[in-house]
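I have placed the structure first, in the form of structure tokens, so that the comments after it can refer back to it.
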Amino acid sequence: MRFSDNGYYIKRYVKCDNCGMLIYDDGIKEKISGVEKLFCSDWCTKWATARANGVEEPKIPLPREGIHETA
């Protein structure tokens, strides 16, 4: 999402090229198949890359933030 210079209104909605989630910061820019795309997360980047490489149903593990394993 891009706000106006004064922050009073939204100039443009910016969405992830993979999942469609609104991006509030700069996002992650990545070239896939020669086309620059914008992603919301590393997971979306990996998923889109796998699809571009011909994987029909990519199996990318979801990030597990905040979960700590104890030994």
Side-chain angles (χ1 to χ4, degrees):
M1 185 179 299
R2 300 289 182 250
F3 290 96
S4 67
D5 292 334
N6 61 14
Y8 289 128
Y9 62 92
I10 299 167
K11 276 171 90 168
R12 188 175 77 139
Y13 286 97
V14 179
K15 294 183 178 184
C16 175
D17 287 325
N18 187 54
C19 71
M21 180 179 266
L22 283 173
I23 298 175
Y24 295 96
D25 55 13
D26 293 333
I28 300 169
K29 293 178 183 172
E30 187 80 31
K31 269 195 177 180
I32 296 183
S33 299
V35 178
E36 185 154 317
K37 298 193 176 228
L38 185 64
F39 299 100
C40 65
S41 68
D42 186 50
W43 186 91
C44 277
T45 304
K46 289 177 183 176
W47 195 91
T49 301
R51 286 286 294 167
N53 290 333
V55 179
E56 218 169 286
E57 290 187 35
K59 304 283 191 234
I60 311 295
L62 292 173
R64 300 186 58 108
E65 294 180 30
I67 297 176
H68 302 285
E69 293 183 25
T70 56

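Remember, it's a predicted structure, so these values are computed and weren't measured experimentally.
You'll find the side chain of K37 stays beyond 4.5 Å of the side chain of E30, heavy atoms only. The shortest distance between side-chain heavy atoms of L38 and I28 does not fall below 4.5 Å. With contacts defined as side-chain heavy-atom distances shorter than 4.5 Å, the pair L22/V14 does not qualify.
Every residue meeting the side-chain contact (heavy atoms from CB on, under 4.5 Å) condition with N53, not counting sequence neighbours, appears here in chain and number order: T49. Annotation: side-chain hydrogen bond (donor to acceptor under 3.5 Å, both in side chains) contacts of N6 (sequence neighbours excluded): S4. Shown here are the salt bridge (charged side-chain N to carboxylate O under 4.0 Å, His left out) partners of K29, two or more places apart in sequence or in another chain: there are none.
Here SG of C44 is found 8.0 Å from CE of M21. Values are rounded to the nearest 0.5 Å.
Residue L62 shares its hydrophobic cluster (ILVMFWY side chains chained together at separations under 4.5 Å) with W43, W47, I60. In this structure, V35 shares a hydrophobic cluster with no other residue, the cluster being traced through Ile, Leu, Val, Met, Phe, Trp and Tyr side chains under 4.5 angstrom apart.
A continuous path of ILVMFWY side-chain contacts below 4.5 Å connects I10 to Y24, so both sit in one hydrophobic cluster.
Residues A52 and I32 share a closest heavy-atom pair of CB-CG2, 3.4 Å.
Identified under the salt bridge (Lys or Arg N to Asp or Glu O under 4.0 Å) test for residues 44-60, with sequence neighbours left out: D42-K46, E57-K59.
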